[in-house]
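Dumping the structure here so I can ask a few things about it.
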Amino acid sequence: QVQLVESGGGLVQAGGSLRLACAASGRTFSSYAMGWFRQAPGKEREFVATLSWSGGRTIYADSVKGRFTISRDNAKNTVSLHLNSLKPEDTAVYYCASSSVFGSDASTVPDEYDYWGQGTQVTVSS
C-alpha cells in the first residue's frame, strides 16, 4: 500500500523557518514527480512547490518563490520542503503528493497527483 506521511509542521513566529518532510512507503518514488500543496481555513487547496522525477526541474508558487525550497532524497524515499522567512499568510495544512506516472515532470495541477499524505499543520504567528 502506497503511503505518504508528512512531518515537521508546527508553530513558528513570522520570519522563522521550518522543514517539512514527506516519507514515502509502498514503492520507490524516485521515478515520479512530487509536489507540496497547502490549504488554509476557508480556502481551496493551492499549489506550493513541485519537482520532477529527476529533481532537475522545480516550480514554485509566486507567493513562496525565494523563500521555500523543495528537494528530494531518493535514497531515503523522501521529499522535503524548507520554509524560510515565514509569514502569517503561510499558515495552512501542508500536503505532500506524488504522481503515479513514471518519469513524470513537475506539475502544479492537483489532479495530476494520485497519492496524498494526511497533511501537517504550519502556523505562523505575527
Side-chain angles (χ1 to χ4, degrees):
Q1 183 179 0
V2 175
Q3 265 196 317
L4 300 176
V5 179
E6 301 96 336
S7 61
L11 173 64
V12 63
Q13 287 189 332
S17 299
L18 283 173
R19 174 183 173 272
L20 306 184
C22 175
S25 62
R27 72 164 192 197
T28 300
F29 281 79
S30 59
S31 298
Y32 305 91
M34 301 291 291
W36 285 93
F37 293 77
R38 67 186 181 186
Q39 187 166 19
K43 295 187 177 181
E44 294 187 353
R45 188 171 298 190
E46 65 172 359
F47 162 74
V48 176
T50 175
L51 78 171
S52 60
W53 72 274
S54 67
R57 179 166 133 88
T58 57
I59 306 172
Y60 295 92
D62 288 343
S63 59
V64 308
K65 203 173 294 183
R67 299 188 298 121
F68 292 7
T69 303
I70 188 172
S71 62
R72 68 192 305 159
D73 184 338
N74 288 335
K76 295 182 179 179
N77 226 21
T78 60
V79 62
S80 299
L81 185 69
H82 295 258
L83 293 68
N84 297 314
S85 302
L86 281 161
K87 305 174 182 180
E89 51 264 43
D90 294 318
T91 295
V93 177
Y94 283 70
Y95 297 91
C96 169
S98 173
S99 169
S100 65
V101 177
F102 185 88
S104 42
D105 195 6
S107 174
T108 65
V109 180
D111 286 348
E112 296 191 3
Y113 293 89
D114 302 286
Y115 303 106
W116 292 81
Q118 82 291 345
T120 185
Q121 176 70 47
V122 171
T123 303
V124 184
S125 63
S126 56

Q: Go through S71 and R19 one step at a time and tell me if the side chain to side chain contact (heavy atoms under 4.5 Å, CB included) criterion holds.
A: CA-CA 11 Å; S71 62; R19 174 183 173 272; over 6 Å; no
**Q.** Flag, side chain of N84 to backbone of G66, donor-acceptor distance under 3.5 Å
**A.** no
Q: Give a yes or no answer on whether the side chain of T123 reaches the backbone of T91 with a donor-acceptor pair at less than 3.5 Å.
A: no
Q: Taking all heavy atoms of R27 and all of S98, pick out the closest pair and write down the distance.
A: NH2-OG, 3.0 Å
Q. What about W36 and V12, same hydrophobic cluster or not, with Ile/Leu/Val/Met/Phe/Trp/Tyr joined at side-chain heavy-atom distances under 4.5 Å?
A. yes
Q. Under a 4.5 Å cut-off applied to non-hydrogen side-chain atoms, are D90 and L83 in contact?
A. no
**Q.** Single-linkage hydrophobic cluster, 4.5 Å side-chain cutoff, V93 and W116 together
**A.** yes
Q: List the steps, then state whether salt bridge (charged side-chain N to carboxylate O under 4.0 Å, His left out) holds for K65 with D62.
A: CA-CA 5 Å; K65 203 173 294 183; D62 288 343; 3.1 Å; yes
(Q) Could you see if W53 belongs to whatever hydrophobic cluster contains F37? Use Ile, Leu, Val, Met, Phe, Trp, Tyr and a side-chain cutoff under 4.5 Å. (A) no
(Q) Treating S85 as the side-chain partner and G15 as the backbone partner, does any N or O pair qualify as donor plus acceptor under 3.5 Å? (A) no
Q: Examine distances only and state if a side-chain atom of Y60 and a backbone atom of I70 form a donor-acceptor pair shorter than 3.5 Å.
A: yes
Q) Do the side chains of M34 and C96 get nearer than 4.5 Å, heavy atoms only? A) yes
Q. Pick one: which of Y94, Y95, F47 meets side-chain contact (heavy atoms from CB on, under 4.5 Å) with R38?
A. Y94
Q. So how far is it from S30 OG to K76 NZ, rounded to the nearest 0.5 Å?
A. 15.5 Å
Q) What residues, two or more places apart in sequence or in another chain, satisfy ring pair (Phe, Tyr, Trp, His ring centres under 6.0 Å) together with F68? A) none
Q. Can you list the residues that meet the ring pair (Phe, Tyr, Trp, His ring centres under 6.0 Å) rule with F29, with sequence neighbours excluded?
A. none
Q. Is a side-chain N or O of E6 found less than 3.5 angstrom from the main chain of Q118, in a donor-acceptor match?
A. yes
Q. Do Y113 and V79 belong together in a cluster built from hydrophobic side chains that touch within less than 4.5 Å?
A. no
Q) If you take all heavy atoms of G9 and V122, which pair is closest and at what distance? A) CA-CG2, 4.2 Å
(Q) Can you tell me which residue among S31, S107, S104 is in a side chain to side chain donor-acceptor pair (under 3.5 Å) with S99? (A) S104
Q. ring-ring contact (aromatic ring centres under 6.0 Å, His included) between Y32 and Y115: does it pass, once the steps are laid out?
A. CA-CA 11 Å; Y32 305 91; Y115 303 106; 8.2 Å; no
Q) Does the side chain of D105 come under 3.5 Å of the side chain of S52 through a donor N or O and an acceptor N or O? A) no
Q.
Using a 3.5 Å distance criterion without hydrogens, assess whether the side chain of D73 forms a donor-acceptor pair with backbone atoms of T78.
A. no
